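In this text the structure is predicted, and so the values were computed from the model without any measurement.
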Amino acid sequence: MKETQDLFPTRLERKLGMFERIDPVVHSEGEQRKGPLSEAELDEFDRKGFLSFEGFFDEDEMASFLEELRDYEKDDDLKLSEGTILEPGKQEIRSIFGIHEVSERFSRLTRDPRLLAMVQQILGGDVYIHQSRINYKPGFKGKGFDWHSDFETWHSEDGMPRMRSVSCSIILTENGEFNGPLMLVPGSHHYFVPCVGRTPEDNYKESLKSQDIGVPDDASLRDLMIKGDIEAPKGPVGSLVMFECNTLHGSNINMSCWPRSNLFFVYNSVENTLHNPYCGNRPRPEFLANRKDWRPLKPVE
């Protein structure tokens, strides 16, 4: 793996103050900047760190994905696979990683020309899938996800060198006020928040169930929330949220009877491929961080 200077030191013994972003948010320039997103939408993504589109996909388009999702919930063999994370102490699924490698239907969705064109417009060129997953939150039982920056983890534990990655969250079951929707802190992507604490080997085995390492300190969170507030884009099946890799986000537990399931595709620039993990540990498994196929994605016909 390549070695390079660590521009985003984190997981240290003592707390460092957060510092301003050094990478662009929208990486395309000139003619490359033209695409399906308007200048106003690019400016909004630059300012807030995310965009939301209610009903981006028709509900009918999502019907086959929902049917497959229900099959996974009953698949005992899938529950035993390393890429399937169960709720702490329970048999309910919390996350399924590498979903685009489990399912051809989901693989084709990663290459949907509508998604790819927007992601390429933001990231300024070709991309590949760094990670894919489904996050479940069953009614009454679905636990939350602590506030975090994906980039902080991907940089420290996977060796992602720069902030040139975008997540697309597709709503598979309606996200409402009470079933734990994704929450984001607008503008938080303009700051990198270093976290305290040495990363244990195989930290993912615990952090994917309950995260303790890589969680921003309360003072930094408070400062960024006072500056930017909190937003929780909600919507029906097929809605889409695109968010920048350094945008702070999390979600509450699901206290309602309505399940919440969201699909996540993480697109990384082919010019931002992984180095050795900056925390000094061995690389995490492929289902968390793709190291074997960095070929540019091509849209499905």
Report yes if some heavy atom in the side chain of [X] is under 4.5 Å from a heavy atom in the side chain of [Y]; otherwise report no.
X	Y	value
Phe287	Glu101	no
Trp294	Ser269	no
Glu152	Arg11	yes
Tyr191	Glu20	yes
Glu201	Arg282	yes
Phe8	Asp23	yes
Pro113	Val300	yes
Val25	Glu244	yes

What I want to check is whether the side chains of [X] and [Y] have a donor and an acceptor closer together than 3.5 Å.
X	Y	answer
Asn246	His190	no
Asp223	Ser220	no
Asn135	Ser95	yes
Asn290	Gln131	no
Ser132	His100	yes

How long is the span from the [atom1] atom in [X] to the [atom2] atom in [Y], to the nearest 0.5 Å?
X	Y	atom1	atom2	result
Leu182	Thr247	CG	OG1	10.0 Å
Arg94	Arg133	CZ	CZ	10.5 Å
Leu109	Ser103	CG	OG	9.0 Å
Leu172	Asn262	CG	CG	6.5 Å
Leu248	Met183	CG	CE	11.5 Å
Phe151	Asp158	CZ	CG	10.5 Å

Tell me the closest heavy-atom pair linking [X] and [Y], and the distance in Å.
X	Y	value
Pro233	Val241	CB-CG2, 3.9 Å
Pro181	Ala232	CG-CB, 4.2 Å
Leu115	Cys168	CD2-SG, 4.3 Å
Lys234	Asn175	CB-O, 3.2 Å

With distance as the sole test, does [X] use its side chain to make a donor-acceptor pair with the main-chain N or O of [Y] at under 3.5 Å?
X	Y	result
Glu157	Trp154	no
Asp58	Asp60	no
His155	Met160	yes

- Carefully, step by step, assess Met225 and Ser188 under the rule side-chain contact (heavy atoms from CB on, under 4.5 Å). CA-CA 8 Å; Met225 288 174 183; Ser188 58; over 6 Å; no

- Item | Centroid-centroid under 6.0 Å between His249 and Trp147 rings |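 That pair fails the under 6.0 Å test.
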
- Compute the ring centroids of Phe50 and Phe45, then answer whether they are less than 6.0 Å apart.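 Ring centroids of Phe50 and Phe45 are no less than 6.0 Å from each other.
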
- Task: Give the ring-plane orientation class for Tyr278 versus His275, where under 30° counts as parallel, over 60° as perpendicular and anything between as tilted.
- Result: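 Geometry flag for His275 against Tyr278: tilted rings.
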
- Message: Let's go through Leu116 and Tyr267 carefully: what are the C-alpha distance in whole Å and the side-chain angles of both, what is the deciding distance for side-chain contact (heavy atoms from CB on, under 4.5 Å) to 0.1 Å, and is it a yes or a no?
- Response: CA-CA 9 Å; Leu116 269 184; Tyr267 296 90; 3.9 Å; yes

- Should we say atom CD of Glu29 is surrounded by more than 12 heavy atoms from elsewhere, each under 6.0 Å from it?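 Not buried by this count: 12 neighbours or fewer within 6.0 Å.
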
- Query: Around atom NZ of Lys34, are there more than 12 heavy atoms of other residues, nucleotides or ligands at under 6.0 Å?
  - Reply: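 Not more than 12 within 6.0 Å, no.
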
- Task: Using the six-membered ring of Phe265, assess whether NZ or CZ of Arg111 lies under 6.0 Å from its centre and within 45 degrees of the ring axis.
- Result: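 Verdict for Phe265: no cation-pi partner in Arg111.
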
- Item | From CA spacing to verdict: side chain to side chain donor-acceptor pair (under 3.5 Å), Arg162, Asn268 | CA-CA 10 Å; Arg162 307 296 291 262; Asn268 190 31; over 6 Å; no

- Query: Where do Lys292 and Glu286 land on the salt bridge (charged side-chain N to carboxylate O under 4.0 Å, His left out) test, with the steps shown first?
  - Reply: CA-CA 8 Å; Lys292 66 183 181 185; Glu286 285 285 337; 5.2 Å; no

